[in-house]
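Down below is the structure, laid out as structure tokens.
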Amino acid sequence: MPEGPEVECTRQYLQSLIGKTVKKIQLTELSQKYPKYQNRQSDFDWFKKQRLINIERIGKFLVWRFDGKIILNHLGMSGKWILVKKGNQKLPSHSKALIYFEKYPQYAIFDDIRNFGQFKVFESYEKVMQHDPIRKMGVDGLAKPFPMKEFLVKLNKPNYANREIGAILVDQKLVAGVGNIYKSELLALAKINPTRLVKTLTKKERKELGISISKTLWKAVDCNGSTLSTFQIPTGQEGSAQNWHKVYGKHGEICQNCKTEITRIVQNGRSTFFCSECQK
């Protein structure tokens with residue numbers, strides 16, 4: 001958390017900043033307690049007077065594009081952007097970076113409670129695309145149309161054959177944007193047991209899996225993502241996708257379809273939730 005839908009919602013709500021000229025980017029005093037931000041202020045001073053051209057999403061990354069240099073941003077486990085009007089408003093307690101714009105009444109705050117986020121300068125867009133997590137990234141789960149052919153090719157790789165499908169769906173080298181929440185939900189939608197080995201999945205099931213990835217992620221986007229703890233879109237509003245979760249976090253509760261108790265298992269150290277009756 002946040003996963004692809006939450007990052008996409010964040011991108012959409014930051015669109016009002018595109019075309020604006022940066023007044024300054026300021027790393028907070030708190031940020032200097034962490035090595036990844038220490039003594040990096042000069043890197044961000046370059047952006048003064050630079051116009052923000054676009055904010056793109058690549059998997060779970062946000063790419064802030066300027067003429068020349070780029071800021072690569074990952075929300076980590078708890079990161080979020082907040083748009084606030086200028087004034088004496090107290091900063092959120094875990095703010096790491098602030099972006100002020102010329103002739104614009106709002107500024108943007110990157111708040112990151114658990115500090116797993118990233119806010120890093122790259123010399124060019126080409127350098128960003130060569131960054132290992134992006135260079136090795138799989139298909140975009142939020143791509144329209146969903147790249148089914150490419151997904152099926154990647155799923156058919158020998159290194160996945162003897163692994164459980166519930167364990168590999170969070171591998172960003174397979175499909176970008178799927179995390180622990182939507183992994184459980186999309187498997188429930190596809191009616192596939194998370195413990196199934198990939199090699200046992202039929203061609204029909206594999207296609208249904210791809211369809212379920214796209215449907216689940218976009219349904220979450222339409223609801224401004226899932227707010228299970230701290231996530232909010234930049235306007236401060238919480239997401240509502242958690243209201244339709246069928247299995248995630250529902251261990252011991254009753255399946256809405258068949259009244260079987262929802263099961264929780266651990267795969268690669270992470271929880272997976274499913275209905276053993278509906279997902280065989």
Side-chain angles (χ1 to χ4, degrees), residues 1-12 56-63 72-81 111-118 132-134 136-143 146-147 151 154-155 160 163-190 192-195 198 209-233 238-251 262 264-274 279:
M1 189 65 189
E3 300 180 21
E6 288 72 38
V7 179
E8 174 61 19
C9 292
T10 298
R11 184 197 68 80
Q12 292 179 6
E56 301 174 4
R57 180 191 55 79
I58 303 179
K60 296 181 184 180
F61 289 90
L62 290 174
V63 181
L72 186 64
N73 175 217
H74 195 287
L75 302 184
M77 294 292 290
S78 61
K80 60 185 176 184
W81 281 95
D111 188 62
D112 185 14
I113 295 175
R114 298 183 65 184
N115 200 47
F116 287 106
Q118 179 180 340
D132 251 18
I134 290 179
K136 296 177 180 178
M137 193 172 287
V139 302
D140 184 359
L142 284 164
F146 181 77
F151 169 68
K154 288 185 177 294
L155 189 60
Y160 289 135
R163 298 180 62 188
E164 295 178 345
I165 186 62
I168 70 164
L169 278 174
V170 294
D171 183 354
Q172 300 302 291
K173 296 175 185 176
L174 173 63
V175 55
V178 174
N180 228 34
I181 297 171
Y182 301 118
K183 168 196 71 177
S184 292
E185 291 302 316
L186 69 89
L187 283 169
L189 180 61
I192 294 174
N193 190 297
T195 64
V198 173
L209 191 60
I211 292 169
S212 295
I213 289 171
S214 184
K215 283 184 176 179
T216 301
L217 296 187
W218 276 110
K219 185 177 180 181
V221 171
D222 291 340
C223 296
N224 287 329
S226 298
T227 298
L228 301 179
S229 54
T230 62
F231 177 73
Q232 296 175 334
I233 58 175
E238 293 186 347
S240 62
Q242 66 276 4
N243 295 335
W244 50 255
H245 290 174
K246 293 185 181 300
V247 292
Y248 183 81
K250 298 186 181 297
H251 173 56
I262 301 297
R264 172 187 173 271
I265 59 173
V266 177
Q267 295 178 301
N268 290 348
R270 306 173 77 173
S271 296
T272 302
F273 301 87
F274 67 103
Q279 297 170 252

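We number each residue from 1, following the sequence as shown. Source: prediction; values computed, not measured. Only this structure's heavy atoms are used, side chains among them; waters, hydrogens and symmetry mates stay out.
- The ring-ring contact (aromatic ring centres under 6.0 Å, His included) search around Phe146 returns Phe151, not counting sequence neighbours.
- Not one N or O on the side chain of Gln118 forms a donor-acceptor pair closer than 3.5 Å with the backbone of Gly76.
- Inter-residue side-chain proximity for Lys60 and Pro2 is flagged as unmet; no heavy-atom pair is nearer than 4.5 Å.
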* To do: Apply side-chain contact (heavy atoms from CB on, under 4.5 Å) to Val139 and Lys154, showing your working.
  => CA-CA 9 Å; Val139 302; Lys154 288 185 177 294; 4.2 Å; yes
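- Shown here for Ala176 and Gly59, the closest heavy-atom pair between the two residues is CB-CA, 3.7 Å.
- Residue Leu187 holds its CG atom at 6.0 Å from CG of Leu209, rounded to the nearest 0.5 Å.
- By the ring-ring contact (aromatic ring centres under 6.0 Å, His included) test, Phe61 is found to be paired with His74, residues two or more places apart in sequence or in another chain being considered.
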* Carefully, step by step, assess Val63 and Leu72 under the rule side-chain contact (heavy atoms from CB on, under 4.5 Å). => CA-CA 5 Å; Val63 181; Leu72 186 64; 3.8 Å; yes
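- By the side chain to side chain contact (heavy atoms under 4.5 Å, CB included) test, Thr227 pairs with Phe231, Glu238, Gln242, sequence neighbours left out.
- Here the CZ atom belonging to Arg11 is positioned 8.5 Å from the CG atom belonging to Leu62, to the nearest 0.5 angstrom.
- Rounding to the nearest 0.5 Å places CG of Leu169 at 5.5 Å from CG of Leu186.
- Under the 4.5 Å side-chain criterion, counting only non-hydrogen atoms from C-beta, Leu155 is in contact with Ile165.
- The closest side-chain heavy-atom distance from Ile233 to Thr10 is not below 4.5 Å.
- Using a 4.5 Å heavy-atom threshold, the side chains of Arg57 and Asp140 count as touching.
- We find the OG-CD distance between Ser184 and Gln279 to be 8.0 Å, quoted to the nearest 0.5 Å.
- In this structure, Asn115 has no side chain to side chain donor-acceptor pair (under 3.5 Å) partners at least two apart in sequence or on a different chain.
- Residues satisfying the side chain to side chain donor-acceptor pair (under 3.5 Å) criterion with Glu3, sequence neighbours excluded, are absent altogether.
- For Lys80, the side chain to side chain contact (heavy atoms under 4.5 Å, CB included) partners at least two apart in sequence or on another chain are Ile82, Asp111, Gln232.
- Listed by chain and number, the residues in a side chain to side chain contact (heavy atoms under 4.5 Å, CB included) with Lys219 are Trp244 (sequence neighbours excluded).
- Nearest heavy-atom pair, Lys250 versus Ile262, reported as atom, atom and distance to 0.1 Å: O-CB, 3.2 Å.
- Residues passing the ring-ring contact (aromatic ring centres under 6.0 Å, His included) test with Tyr248, sequence neighbours excluded: Phe273.
- Applying the ring-ring contact (aromatic ring centres under 6.0 Å, His included) criterion to Tyr182, with sequence neighbours excluded, gives no partner residue.
- Partners of Arg264 under the side chain to side chain donor-acceptor pair (under 3.5 Å) rule, at least two apart in sequence or in another chain, are Ser271.
- Residue Lys173 qualifies as open at atom NZ: its count of foreign heavy atoms under 6.0 Å is 12 or below.
- In this structure, the side chain to side chain donor-acceptor pair (under 3.5 Å) partners of Glu164, at least two apart in sequence or on a different chain, are Gln267.
- Side-chain contact between Leu217 and Glu8 is absent, with no heavy atoms from C-beta onward closer than 4.5 Å.
- What you find for Ala241 and Cys223 is that their closest heavy atoms are N-CB, 3.6 Å.
- Separation of atoms NZ (Lys183) and CD1 (Ile168) is listed at 11.0 Å; rounding is to 0.5 Å.
- In this structure, CZ on Phe274 lies 10.5 Å from NE2 on His251, to the nearest 0.5 angstrom.
- Residues satisfying the side chain to side chain contact (heavy atoms under 4.5 Å, CB included) criterion with Asn268, sequence neighbours excluded, are Arg163, Ala167.
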